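Shown next, in structure tokens, is the structure this report addresses.
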Number of protein chains: 2
Amino acid sequence: MAGEVRAQGAVKSGQLDFPRPLTTVDVVIFSILDDKLQVLLVQRPAGEGEPFPLSLALPGGFVDIARDRDLAACAARKLKEKTGVTSPYLEQLGSWGSASRDPRGWSATHAYFALILADASTLTSDARWLPIRDGKLREKLAFDHGEILASAIQRLRNKVEYTSLPAYLMPAEFTLPDLQRVYEIVLDRPLEKSAFRTRILSADMIEPVAKMRRGPNRPAQLYRLKKNSEPVYFVRTFNPPE
Amino acid sequence: MAGEVRAQGAVKSGQLDFPRPLTTVDVVIFSILDDKLQVLLVQRPAGEGEPFPLSLALPGGFVDIARDRDLAACAARKLKEKTGVTSPYLEQLGSWGSASRDPRGWSATHAYFALILADASTLTSDARWLPIRDGKLREKLAFDHGEILASAIQRLRNKVEYTSLPAYLMPAEFTLPDLQRVYEIVLDRPLEKSAFRTRILSADMIEPVAKMRRGPNRPAQLYRLKKNSEPVYFVRTFNPPE
DNA sequence: ATAGTTAGTTGTACAGTCCAACTTACTTAG
DNA sequence: CTAAGTAAGTTGGACTGTACAACTAACTAT
């Protein structure tokens, strides 16, 4: 058994004579759709020897050392392949590696998480959006992807508490109530309107455009992200989340 | 060239017919020594075909799929091997993978960072502590370990701003001024005594022991960490660090 | 005109940091 | 025995930003 595993690894100089784990990259892609936080998932293929056939899984796959210069490029490629989106917010989430997470052998995955505007994406046929409800996905996922997703949700919620990350989920032009709504969707609790406005407006991250959003009631000022585009870190969270 | 690389990878079913990157784990081990933040580094071996011979590097090495159940276990093992410490604060930092970071081929490392009490450790002969000055290490490191270390320092400073992480750098019993000093060493700036005390004491993370630290002036109350031992997250940072 | 709805503002309360002065408890020098 | 020195720990006022709630503003629909 150990011999078989070893046969897949390197055998060259003494140094590299180590069986190598499988190396993959997976991407947790979030968007706001239908007023809900949703995550992009794909269906596993059904082929011979495929683990978790037809299960839902995070988009991802093996690192292609001929094509991928580095891990981030690999993650960006996978995001692009599934959604067509090229310039999202993309951050490394962490890595998961163990003997047991993939039936094909010791494997390690490098997980990324992305925030994109769903409207700007054109999905491949095997991909679909699934809503996060009560901070969880209802469906079971292949591998340890459920754990990875849970970790991504936690990280997202955490950071939304004290950063401007939701800005990356917004269209080019948006109103402050729009943005607040996205914060509230992610955090799943209401925020104070006046404190929210103070925080965002004093952060120097958005600028008004010379237009108003008109609707059945009072028009709202439209804003856009300032050029710099780095996320802003606030020095306080909102309500002490207990 | 691609053929040679490919020869090191898996060749079995179609799925696994991917050349596999080298997989390593590296650990950034911090401690407070001599009133400075220090990091544990090792000297690279000088053998035939060794990359960066005799350079300083982070402790780490290949994942041993026969011994390491998962990545965290591998990191804990490497920490144990170098320092003898078994129950530190150990958190994943991220992963770095690219075609160019290791001359031996496409490689990915899973980086961890640990906070330990240096006094409790017994180093191996190739390991030594080096001080962080002005938030940087003066020495150049092998591979991309300089970048990984910089990232670890940034993460540590960031988290120290709003968590109780420095508690893991303290001996079993310590005073509040001791703890404040460690915060100040890591952040490299003075903190307000009264605000510091208010924050720590209201966090329910330490409890007084029935002893005082005696010295040439007013004795100070000794405390110890409460049992739960999870790090505490505060809802504000200290001074807006600009 | 009036009611309804959402955008946006205002004012008071409160929490926690910032800053600085203060009190307390000890040691050491005279 | 007292005085000076020092670090521990406390206190109070200024300031910042959120919490809460009431308010005004701008529009649509009836």
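Throughout, protein chains are lettered first and strands after them, A, B, ... in sequence-line order, and every chain is numbered starting at 1. Treat the numbers as computed from the prediction; the structure is a model and nothing was measured.
- In this structure, CG of A/L191 is placed 16 Å from C1' of D/dA21, rounded to the nearest angstrom.
- The side chain of A/R199 contributes an N or O atom lying less than 4.0 Å from OP1 or OP2 of D/dT18.
- Nearest nucleotide to the side chain of A/F238, out of D/dC20, D/dA19, D/dT11: D/dA19.
- Applying the salt bridge (Lys or Arg N to Asp or Glu O under 4.0 Å) rule to B/D34 yields the partners B/K36; only residues at least two apart in sequence or on another chain are considered.
- Checking D/dA8, C/dT17, D/dG17 against every side-chain atom of B/R181, the shortest atom distance belongs to D/dA8.
- A straight line from CZ of B/F196 to C1' of D/dA8 spans 14 Å, rounded to a whole angstrom.
- Spacing between atom NZ of B/K193 and atom C1' of D/dG12 amounts to 15 Å, rounded to whole angstrom units.
- Checked against D/dG9, C/dG8, D/dT18, the side chain of A/R236 finds its nearest nucleotide in D/dT18.
- Side-chain contact annotation: B/S95 with A/Q92, donor-acceptor N/O pair under 3.5 Å present.
- Note: B/E230 CD to B/T163 OG1 = 12.0 Å, rounded to the nearest 0.5 Å.
- B/S194 comes within 4.0 angstrom of a base, heavy atoms only.
- Distance, A/L201 CG to C/dT10 C1': 15 Å, rounded to whole Å.
- For A/A195, the side-chain atoms get nearest to D/dT18 when compared with the rest of D/dT18, C/dT17, C/dG11.
- The CD1 atom of B/I200 sits 15 Å away from the P atom of D/dA8 (whole-angstrom rounding).
- Side-chain N/O atoms of B/R197 include one lying less than 4.0 angstrom from OP1 or OP2 on D/dG9.
- Counting only distance, with no hydrogens or angles, the side chain of A/T83 and the backbone of A/V85 share a donor-acceptor pair below 3.5 Å.
- A donor-acceptor pair is defined here as one N or O able to donate and one able to accept, closer than 3.5 Å; no such pair exists between the side chain of A/D144 and the backbone of A/E147.
- One can place CG of A/L222 at 17 Å from P of D/dA26, the figure rounded to the nearest angstrom.
- In this structure, the CD atom of B/E192 is 12 Å from the P atom of C/dA21, given to the nearest Å.
- Every pair passing ring-ring contact (aromatic ring centres under 6.0 Å, His included) that includes a residue from residues 184-229 of chain A is listed here, sequence neighbours excluded: A/Y183-A/F196.
- For the residue pair A/S55 and A/R44, no side-chain donor N or O sits within less than 3.5 Å of a side-chain acceptor on the partner.
- Taking every heavy atom of residues 208-221 of chain B and every atom of DNA chain C, pairs under 4.0 Å involve B/R214, B/G215, B/P216, B/N217, B/R218, B/P219, by number.
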